[in-house]
Amino acid sequence: MQVFFHPDQLLHLPRTYLSRGAMREPQEVPERASRLLQAVTDLGFRISRPQDHGLEPLRAVHTDAYLRFLETAHGRWLASSSDWGDEVMSNIYVREPNALRGVLAEAAYYLADGSCPIGAMTWRSAYWSTQSAVAAALALMAGEREVYALCRPPGHHARKDAAGGFCYINSTAVAAQLLRSKHGKVLVLDTDVHHSQGTQEIFYDRPDVMTISVHADPENFYPVVTGFEDETGSGEGAGYSRNFPVPHGASEDTFFEHVERALDLAREFDADALVFAHGFDIYVEDPQSPVKVSAEGFARLGERVASLGLPTVIVQEGGYHLESLGSNARQFFSAFLGNRQ
Ligand SMILES: [Zn+2]
């Protein structure tokens, strides 16, 4: 299996983040990617560095102003005042009205929550993370049947013009949009434990990219304001966004009952290609997870995703229990490949 990863994806080193009233130790750390890279190396997969395909694929799903902010914010932040912290973080969240005068106002707009500090290397890491997804989509379009984009930092919470939930650039959405240049209908299936609100927002009014997300119930759980069953798309996209919130504390079997309902819908959509947004944070021991998927559950997930029988780009999203990432990845990929026709 072809894998894309760039070593600069390891450079983003968040120092802290704000969640539920507390400053916390970063969980979205470079070791996540190192562990996954080791796992796919052990499996004998072909690992390549992505080429630089530039900003164009990113501009297809994000605003230019937002991308410019991500690229320039840290430099302008450091130049603004000597008593500001060394990462761009906002304690002010204002969408409208916001005149966007000055980097503090931009941070108030473009950072949707307290979990996306921007350091000196954040743009570089996020850029190459997404270039891995671009390369994976292009490889699929060139004839590969399945490709893994080992994205880090993750992307599915990144909106058209806002970072959130450890995510800066929505690699899953970039890959799906790129696949549309060859494939008529593209399905995004996301089983990360958090609702993929960025991906949903980007494709919400479109019938050509269906987004289906299975995740822990967002009531009092990130992203808290989206991911409910009554969000189903708008305009021409009505019916093409679907959410399957799983009750907190759910067993593995309950989780997979929701996955099966998602797969039934996916088959009805009859897509030409799949982007599978893959989070390991559904694992029972993951520090983020309120659901209880076991190590063997990842083999079950791999088999179920393979059963769709579609050309597939797998994009890495969350997963924060470092000790299990490698073995869970081996479970998933072995079962996925073992069940491909
Ligand atoms: Zn997640």
Side-chain angles (χ1 to χ4, degrees), residues 9 12 14 17-20 24-33 35-36 112-117 125-126 129-130 133 148-159 162-173 175 188-202 211-228 243-250 252 255 258-259 262 275-294 297-298 301 305 314-325 328-329 332:
Q9 293 175 228
H12 169 55
Y17 76 102
L18 171 64
S19 177
R20 303 186 304 284
R24 296 173 192 268
E25 281 287 303
Q27 294 180 348
E28 204 294 284
V29 294
E31 189 178 349
R32 299 180 55 245
R35 297 235 182 195
L36 291 168
D113 59 46
S115 65
C116 284
S125 278
S129 178
T130 301
Y148 176 40
L150 204 176
C151 294
R152 183 275 162 182
H156 68 158
H157 298 306
R159 295 158 60 180
F166 311 153
C167 299
Y168 302 87
I169 306 171
N170 196 318
S171 300
T172 287
V188 178
L189 175 64
D190 187 316
T191 62
D192 184 283
V193 82
H194 303 97
H195 175 239
S196 50
Q197 88 274 40
T199 316
Q200 173 173 289
E201 178 193 86
I202 288 164
T211 63
I212 303 179
S213 184
V214 180
H215 48 262
D217 186 340
E219 183 172 335
N220 287 327
F221 184 69
Y222 192 87
V224 306
V225 293
T226 61
F228 300 99
N243 289 305
F244 294 91
V246 180
H248 296 190
E252 181 169 312
F255 178 82
H258 290 75
V259 169
V275 179
F276 178 57
H278 187 18
F280 287 102
D281 47 10
I282 48 176
Y283 182 53
V284 60
E285 290 187 57
D286 193 284
Q288 298 265 342
S289 184
V291 301
K292 298 176 179 170
V293 173
S294 68
F298 286 100
L301 184 63
V305 175
I314 298 168
V315 175
Q316 188 58 50
E317 297 289 357
Y320 306 99
H321 183 258
L322 295 173
E323 295 76 13
S324 68
L325 274 178
N328 287 346
F332 172 83

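Indexing begins at 1, ligand by ligand and atom by atom, following the structure's order.
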### Message
I need the OD1(Asp192)-the Zn ion (ligand 1)-OD2(Asp281) angle, rounded to 10 degrees.
### Response
100°

### Message
Ring-plane angle category for Phe166 and Tyr320, please: parallel below 30°, perpendicular beyond 60°, tilted otherwise.
### Response
perpendicular

### Query
Relative to each other, are the rings of Phe332 and His278 parallel, tilted or perpendicular (30° and 60° limits)?
tilted

### Message
Among the N, O or S atoms of His194, which one sits nearest to the Zn ion (ligand 1)?
### Response
ND1

### Query
Just one of Gln27, Gln288, His321, His194 clears the side-chain hydrogen bond (donor to acceptor under 3.5 Å, both in side chains) bar with Asp281, so which one?
His194

### Query
Can you tell me if an N/O/S atom from His156 lies under 2.8 Å from the Zn ion (ligand 1)?
no

Distance-only check: which donor-acceptor pairs under 3.5 Å involve side-chain atoms of residues 219-226, not counting sequence neighbours?
| unit_1 | atom_1 | unit_2 | atom_2 | d |
| --- | --- | --- | --- | --- |
| Tyr222 | OH | Asp113 | OD2 | 2.6 |
| Tyr222 | OH | Gly165 | N | 3.0 |
| Thr226 | OG1 | His195 | ND1 | 2.9 |

